[in-house]
Structure formats: C-alpha cells, structure tokens
Asks: 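Structure incoming, see below.
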Amino acid sequence: MHTDVNALFEKLWDNYLSVTPSAVKVHELLGSTQKDDVINDHIALRTFNHEKIGLEKLAAHFLAVGYKECGEYHFEAKKLYAKHYEHSDPKQPKVFISELLVEQCSAELQAIVNDMVEKIDADAVTADNFLYSGTHWQVSSDTYKKLLAESEYAAWMSAWGYRANHFTVSINELAKFDNIESVNQALKDAGFALNTSGGEIKGSPEVLLEQSSTLADDSEVEFSDGKMAVPSCFYEFALRYPKPDGELYTGFVAASADKIFESTNAR
Ligand code: NI
C-alpha cells in the first residue's frame, strides 16, 4: 500500500484521466490547466460487498495514508452501502467508497460477480496499485449487457473495475466561480452534458451541500468478444455550506449521491 497520500492521488488521477479525456477540458474551463490549482472535494470508488474486495479492503489503502472513517450511507433501491473517509489535512480530498450488496441481487448476477472476483489474485488487493488496477477479469459484451439490465453499477464495475469513478471539483476553492449555477452554465456553454437526474443541482443550501456532475465519457473497453464503447468516468462539482459552528459541512447527502450514481448511465 502507498504510504504517501499525494503519491496515491497522483496515480488515481492519471488513471482516471486515461479514460476520462473530458476532465482536462473541465479543468481548463474552471480556471486552470494545472491539477494542483484545482482542489478536489472528494473522489469515489466502487466495489462489491464480497469479503475478498469489500469496501473495507479499499478503505485500508486510505487508512494507511492517514484517513479516518466518518459517515455511512444506505441506498436501498440501488442495493448499495457506502462510507466516507476524511484526512486530517482538509485540503486532501474526502473519499467516498460504495459497495453493491450482491446477496440482494439475482442468482445470475451473483454468479457473474463471483466469477469476476475469483480472478483477483489475493495479493493484488493489498498491492500499491490496487485502487487504480482496473479489471482483473474480462467479461463478454453480452455479460456486460446482462448486468446492465439489472444493475448499472455492476455493469460499470465489470467494465472498469478498480479506479476513481469520479473526481469532484471543490467550488468553494475556485477563484472564478462562487456558485454552482454559474459552474453548470459554463460547462453547458462549453458543450458538456450534465446529469439531470433529480435536476441539474442535487441538494441545497439547507442540506449544506450542492452537487452537480457531467455525464460520463464513453470510452472503449476490450470485452472478451471485441471492443465496445461504454460510459467510463465523470467529473462532479460540489459546493459546501457552513454548519452552525461556522465550519463547512464535510458529510454527504444520501438523496443527492443516489442521483450522482446515475452519471454513468448509458445515454
Ligand atoms: Ni461524488
């Protein structure tokens, strides 16, 4: 596992850019060509609640670089459970890790997931690169479509595996923008499609967090029976509001996150 938090995020970022070319354009638009000039509010990762690779296994990599567990979230309709982690340095991104509760899914989905997980080398899970190691399996495009019919989340995992599902710009830290409406407008003016599930803006000042996101890029995946372009990763934007004590709210809002998950839906 990494012991340097910055080294870990650099690798996660490079891996994310390799399948999310639009992220570079978003950066330029929001005020910088240098990633160091955009502070990330959080990143998110996905997994299955299989004992070999459950969310705690992913979290271990963040605990090793100084993160602490902070909140938990339930997404009943999507059959997901999530936790978020924070670093003692508030400039480090928060980390949101979710897992699909596979026992609540069909026997067919469980069998496919078990096959995928079986192909992961046990040592790979604690290796430095696990969080940006991608897939350890190769499914067919037919299997991808079967998963997609039941769980977009499971289908995404089958195609993309372990990597940052999204990075999130902290609007609070942007010099050129101070509200989410103007960020969204700049994105739309530049031709980006936003996730409109639940409205362009998820959340409100009342719940102390407003979020929006682009729709995921389409990127080619090498399935066992050939290449096909499917939704990869996306960029999110978050504006946080102060709690009564004056400190910015650092948690997540389940109802908003529920809609953000849909940023990887096929268009
Ligand atoms: Ni997010």
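We count ligands from 1, going down the list as the structure has it; atoms in each ligand are counted the same way.
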Asks: Is the Y144 ring parallel, tilted or perpendicular to the F223 ring (thresholds 30°, 60°)?
Replies: tilted

Asks: Give a yes-or-no answer on whether the side chains of H136 and Y162 include a donor-acceptor pair shorter than 3.5 Å.
Replies: no

Asks: Does a donor on one side chain and an acceptor on the other come within less than 3.5 Å for T264 and R46?
Replies: yes

Asks: Sum up the protein N, O or S atoms located under 2.8 Å from the Ni ion (ligand 1).
Replies: 3

Asks: What I want to find out is whether E262 reaches K78 closely enough, with some N-O distance under 4.0 Å, to be called a salt bridge.
Replies: yes

Asks: With no hydrogens and no angle check, just 3.5 Å: does a side-chain donor-acceptor pair link E236 and Q211?
Replies: yes

Asks: Which word best sums up how the rings of F167 and Y16 line up, parallel for under 30°, tilted for 30 to 60°, or perpendicular for over 60°?
Replies: tilted

